[in-house]
Each structure stands twice: as structure tokens, then as C-alpha cells.
Amino acid sequence: MKNPAKHLTQAAAIAAIYIILSFVFQPISFGAVQCRIPELLTVLPVFTPAAVPGLFAGCLLSNLLMGGALPADIVFGSLATLIAAFLTRKLRKNKLIALIPPVVVNAVVVGTYLHQLVSPEISLWVNMGLVFLGQLGSCYLLGYPLSLLLERYRGQLFGQEK
């Protein structure tokens, strides 16, 4: 990390944007069937390492403030985002592959606790599948086009970090 102030500023900005998007799209971001629009930001670790803690903080605060304070969501949902962001950063050389971890990790982790705590009447596989589809939409239908746009302005927005 060459510039800690820049890293912290980027992480804070990413967290803030995640929280704002969670608030705006709150009705579809939480619950048994969800499409968390802020997850389009999971492409950002491709561009900057600051996105890893930024996404974690944004998800953690969103879950705490808007998610009904379900402890499993606060802990495990936020950790799933942290793990997915870390893996996305590691896979950053190929954006299409780098977006797989947010889809799969969240489908397994969030789908599992939603099944156990929110909708046990729905099978585990259906819960995982619903989260998978929501994440797929957020990450690939929204996040991937965002990454193409950001690629044009990489140097201006994120510096030359790779």
C-alpha cells in the first residue's frame, strides 16, 4: 500500500456507496428472496485493493442498519462479502472469472442461513439458487458493464494500481 490515506479514502467511499445503494434498494436487498443491487460493486477489487475492506464495511453496516439485525446476516453475510472480495482481488486478471466468488460464496453462505433462519419451508438448494440468481444479476448484469466503464477511467479513478 503506497498511499494509506488514498486507500482509506477509497475504502470509505466504496462502503458509503454500498450503504446508499442498500438503502435505496432496501425492499429487494433483504429477505428470503433478494437481489442486492449494491453487489454490483463487487467488481471493484479488480481495480483497487481498497475495495476489499470497503465492501466488507459497507455490507456489515448495511446488514446492521437495514437487515433487521439478524445476527447471522450481520456476521456471516458480511464475512461472505469479505471472502468474496478477497478472492475477486486474487482473480482480477480476468473480470469474468473474478466475479464468480461473489456469486458462489454468497449463494452458499447466505442461502444456507436464509434456509435455516428465514425460510426453512423452502429447500436449501432453492434458497441457494435464489441467492445465486440475485447475485448473478447484480454481479454480471450490472457489475460487469460497470467494470467495462471503469476500465476506461482506471488511471483517473484508481491510479495505476493493478
Side-chain angles (χ1 to χ4, degrees), residues 1-26 28-31 34-114 128 131-151 153-154 157-159 161-162:
M1 181 176 359
K2 293 178 184 173
N3 187 339
K6 178 181 174 183
H7 184 84
L8 183 60
T9 303
Q10 286 179 350
I14 291 166
I17 294 167
Y18 192 104
I19 293 165
I20 291 165
L21 288 172
S22 292
F23 179 75
V24 170
F25 294 102
Q26 187 174 358
I28 61 171
S29 293
F30 301 93
Q34 58 180 265
C35 179
R36 198 172 277 201
I37 302 298
E39 289 288 303
L40 73 95
L41 301 175
T42 59
V43 73
L44 294 179
V46 168
F47 298 97
T48 176
V52 175
L55 289 168
F56 172 67
C59 182
L60 177 70
L61 291 170
S62 293
N63 289 343
L64 188 61
L65 299 171
M66 292 169 258
L70 186 64
D73 199 25
I74 294 166
V75 174
F76 298 114
S78 303
L79 286 174
T81 295
L82 178 63
I83 291 165
F86 174 79
L87 293 172
T88 297
R89 180 73 186 156
K90 292 294 180 194
L91 298 170
R92 68 185 176 272
K93 301 257 186 240
N94 183 322
K95 284 191 269 318
L96 285 172
I97 292 172
L99 286 172
I100 291 172
V103 175
V104 174
V105 171
N106 280 291
V108 172
V109 174
V110 176
T112 298
Y113 71 73
L114 285 178
M128 286 182 183
V131 175
F132 180 89
L133 290 174
Q135 285 293 116
L136 195 67
S138 293
C139 295
Y140 282 96
L141 296 178
L142 300 173
Y144 185 71
L146 174 65
S147 75
L148 298 176
L149 179 66
L150 292 175
E151 191 65 51
Y153 304 101
R154 178 189 288 266
L157 294 171
F158 304 106
E161 288 184 56
K162 285 242 181 179

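Among all heavy-atom pairs drawn from N106 and A84, the shortest one is ND2-CB, 4.5 Å. Minimum interatomic distance between V52 and P45 (heavy atoms only, all atoms of both residues): CG2-CB, 4.3 Å. In terms of heavy atoms, N94 sits closest to L96 at OD1-N, 3.0 Å. Considering every non-hydrogen atom in both S62 and S22, the closest pair reads OG-OG, 3.1 Å.
I100 contributes atom CD1, which lies 10.0 Å from atom CG of L136 (distance to the nearest 0.5 angstrom). Of the inter-residue distances, the one linking I97 atom CD1 with L87 atom CG reads 13.0 Å to the nearest 0.5 angstrom. Atom-to-atom distance recorded for R92:CZ and T48:OG1 is 10.0 Å, nearest 0.5 angstrom. To the nearest 0.5 angstrom, F76 atom CZ is 10.5 Å from I83 atom CD1. In this structure, T42 OG1 and Y18 OH are separated by 8.5 Å, a value rounded to the nearest 0.5 Å. With values rounded to the nearest 0.5 angstrom, I19 atom CD1 is found 12.0 Å from I14 atom CD1.
Contact check for R36 versus V131: no side-chain heavy atoms found under the 4.5 Å cut-off. The side-chain heavy atoms of V109 and Y113, taken from C-beta on, include a pair separated by under 4.5 Å. Residues I37 and V24 form no side-chain contact, since every pair of their non-hydrogen atoms from C-beta on lies 4.5 Å or further apart. Counting heavy atoms from C-beta outward, L82 and L55 have side chains that stay 4.5 Å or more apart. The shortest distance between side-chain heavy atoms of R89 and P49 falls below 4.5 Å.
Judged purely by atom type and a 3.5 angstrom limit, T88 uses its side chain to pair as donor or acceptor with the backbone of A98. In this structure a side-chain-to-backbone donor-acceptor pair under 3.5 Å is missing from E39 to C139.
Enclosure of atom OH in Y140 by more than 12 non-hydrogen atoms of other residues, nucleotides or ligands within 6.0 angstrom is indicated.
Legend: side chain to side chain donor-acceptor pair (under 3.5 Å) pairs involving residues 76-86, not counting sequence neighbours, sorted by first then second residue: N63-S78. Applying the salt bridge (Lys or Arg N to Asp or Glu O under 4.0 Å) definition to pairs two or more places apart or across chains, those involving residues 94-106 are K95-E151.
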Compile the donor-acceptor pairs under 3.5 Å between side chains in residues 141-149 and protein atoms, sequence neighbours left out, one pair per line.
from	atom 1	to	atom 2	distance (Å)
S147	OG	Y144	O	2.6

Practice item. Test L21 against L41 for side chain to side chain contact (heavy atoms under 4.5 Å, CB included), laying out the working first. Key: CA-CA 10 Å; L21 288 172; L41 301 175; 4.2 Å; yes
